[in-house]
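The structure under discussion appears below in the form of structure tokens.
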Amino acid sequence: MTQENGLAKRIDGKAFAASLRVRIGKEVERLVRDHDLKPGLAVVLVGEDPASQVYVRNKGVQTLEAGMNSYEHKLPDDTNEADLLALIEKLNNDDSVHGILVQLPLPKHINETKVINTVHPDKDVDGFHVVNAGRLATGQAALTSCTPVGCVMLAKDTLGDLSGLEAVVVGRSNIVGKPVAQLLLQENCTITIAHSRTKNLEEVCRRADILIAAVGRPQMIKGDWIKKGACVIDVGINRIDAGNGKTRLVGDVDYQDALATAGSITPVPGGVGPMTIACLLRNTVQAACMIKGLDLPDL
Ligand code: NDP
């Protein structure tokens with residue numbers, strides 16, 4: 001692994017995601033040419049949350065750039081649950097739609113779990129459906145949550161074979177912590193999942209050859225929690241006061257502090273974040289291939 005001036009190598013998720021999107025675009029061209037198959041992604045947004053609107057817009061733009069069809073469904077904040085479920089059923093039965101993503105969080109009056117489990121598992125490009133979580137846990141082919149897939153791709157690109165490495169995942173959410181631990185287990189890592197009740201968290205973190213931080217606490221993980229030379233993948237996205245009347249984004253790891261001990265580290269922004277949409281596009285291509293009975297492309 002290359003290290004400059006004794007400092008950790010910066011893992012460039014933005015560049016990796018851009019190259020992945022190019023590969024996806026080429027695969028889409030091939031599917032259109034050889035199989036008359038143009039993958040389509042439907043994104044459903046309920047309400048006016050500004051951050052969600054930005055995410056949905058970016059997803060739409062990148063889907064079109066990859067040569068796929070993008071369908072956006074924007075519903076008002078007071079949409080009732082039955083109407084949302086009816087729209088999902090319609091998309092489940094629409095042959096031009098291969099992936100369905102319902103942007104979270106949903107308004108409080110809508111049951112998120114019910115919505116997630118109404119998406120057909122074969123079109124569940126977010127990988128949140130209980131069937132896909134079960135397939136992942138049992139080692140069957142599954143659509144897997146985008147951020148965890150992105151984390152493992154970056155770790156493999158940085159370290160190569162992960163077999164036998166100690167991986168510590170801080171955070172046990174269904175959308176990041178648990179699936180990223182499952183994926184690392186599939187890569188033959190030895191896994192520890194830490195959370196808010198973990199004792200001696202600093203010591204647990206110091207065991208890690210690969211440290212995944214998915215906590216949602218700004219700069220919580222300090223440099224001396226990190227084993228010398230470890231690969232640190234920071235999933236956290238936290239907005240903090242920048243001190244000049246503005247705000248800035250930071251991760252769950254204290255990046256500057258970590259540079260001296262880590263061997264490699266993802267920055268925030270520009271690390272895991274860009275991988276999430278690229279992996280969503282990848283999942284949409286995979287879903288389209290699975291639905292059509294084609295072999296899965298190696299992306
Ligand atoms: P959740 O809030 O769902 O989960 C946070 C986890 O961190 C929980 O398991 C919690 O433990 C654990 N935790 C909280 N405080 C501590 C603590 N002091 N010590 C140890 N563990 C703690 O968050 P998400 O998994 O949804 O997201 C995590 C972060 O990743 C957020 O910053 C989010 O914005 C970001 N994110 C980034 C994405 C991207 O595209 N880059 C995508 C998704 C999320 P417990 O279970 O015990 O409560």
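When a ligand or atom number is given, it counts from 1 through the structure's own listing order. Side-chain atoms are counted along with the backbone in the values below, which use heavy atoms only and exclude waters and symmetry mates.
- When the options H195, R217, R197 are ranked by their closest heavy atom to atom 21 (N) of ligand 1, first place goes to H195.
- Classification of R206 and E203 as a salt-bridged pair fails, no side-chain N sitting under 4.0 Å from a carboxylate O.
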Side-chain donor-acceptor distances from residues 136-143 under 3.5 Å, at least two apart:
from, atom 1, to, atom 2, distance (Å)
T138, OG1, G134, O, 2.8
T138, OG1, R135, O, 3.3
T138, OG1, Q140, NE2, 2.9

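- Between atom 11 (O) of ligand 1 and the options P269, G251, S196, G236, the minimum heavy-atom separation is to S196.
- Nearest protein heavy-atom neighbour of atom 4 (O) of ligand 1: S173 CB, 3.8 Å.
- Taking 4.0 Å as the cut-off, G177 does not count as a neighbour of ligand 1 on heavy-atom distance.
- Closest to atom 35 (C) of ligand 1, if we only count protein heavy atoms, is V235 O, 3.4 Å.
- For ligand 1, the atoms lying closer than 4.0 Å to a non-hydrogen atom of G171 are 6 (C), 7 (O), 9 (O).
- Side-chain atoms of D12 come within 3.5 Å of backbone atoms of A15 as a donor-acceptor pair (strictly under, hydrogens ignored).
- Counting only non-hydrogen atoms, the option in V215, I193, N238 that gets closest to atom 5 (C) of ligand 1 is V215.
- Residue-level proximity to ligand 1 for L201 is carried by the side chain, the only part with a heavy atom below 4.0 angstrom.
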Can you give the donor-acceptor pairs under 3.5 Å from side chains of residues 34-43 to other protein atoms, not counting sequence neighbours?
none

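- The atoms of ligand 1 that sit less than 4.0 Å from any heavy atom of G273 are 41 (N).
- For the atom pair T284 OG1 and H98 NE2, the distance stands at 10.0 Å (nearest 0.5 Å).
- The minimum heavy-atom distance between P267 and Y255, with the atom names listed, is CA-CE1, 3.6 Å.
- At the shortest separation from atom 43 (C) of ligand 1 among protein heavy atoms lies V176 CG2, 3.8 Å.
- Near I175, the atoms of ligand 1 lying under 4.0 angstrom from a non-hydrogen atom of the residue are 26 (O).
- Annotation: atom 31 (C) of ligand 1 to nearest protein heavy atom, G216 CA, 3.6 Å.
- For ligand 1, the atoms lying closer than 4.0 Å to a non-hydrogen atom of T276 are 39 (C), 40 (O).
- In this structure, A194 falls outside the shell of residues with a heavy atom less than 4.0 angstrom from ligand 1.
- Residues I226 and V232 form a side-chain contact, since some pair of their non-hydrogen atoms from C-beta on lies under 4.5 Å apart.
- With a 4.0 Å cut-off on non-hydrogen atoms, M275 does not touch ligand 1 at all.
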Derivation of the side chain to side chain contact (heavy atoms under 4.5 Å, CB included) call for E112 and I110: CA-CA 6 Å; E112 222 163 75; I110 296 178; over 6 Å; no
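- None of H73, Q53, K59 except one satisfies the side-chain hydrogen bond (donor to acceptor under 3.5 Å, both in side chains) rule with Q103; the exception is K59.
- The minimum heavy-atom distance between C279 and C146, with the atom names listed, is CB-O, 3.6 Å.
- Contacts between T147 and ligand 1, counted as non-hydrogen atom pairs separated by less than 4.0 Å, involve the side chain only.
- Of all the heavy atoms in Q286 and L296, the pair that sits closest is O-CD2, 3.6 Å.
- For the residues R172, K178, M220, the heavy atom positioned nearest atom 17 (C) of ligand 1 is part of M220.
- Those atoms of ligand 1 that come under 4.0 Å of a heavy atom in A214, given as number and element, are 5 (C), 6 (C), 7 (O), 28 (C).
- By the criterion of a heavy-atom distance under 4.0 Å, both the backbone and the side chain of I237 are placed next to ligand 1.
- Among all heavy-atom pairs drawn from A167 and C189, the shortest one is CB-CB, 4.0 Å.
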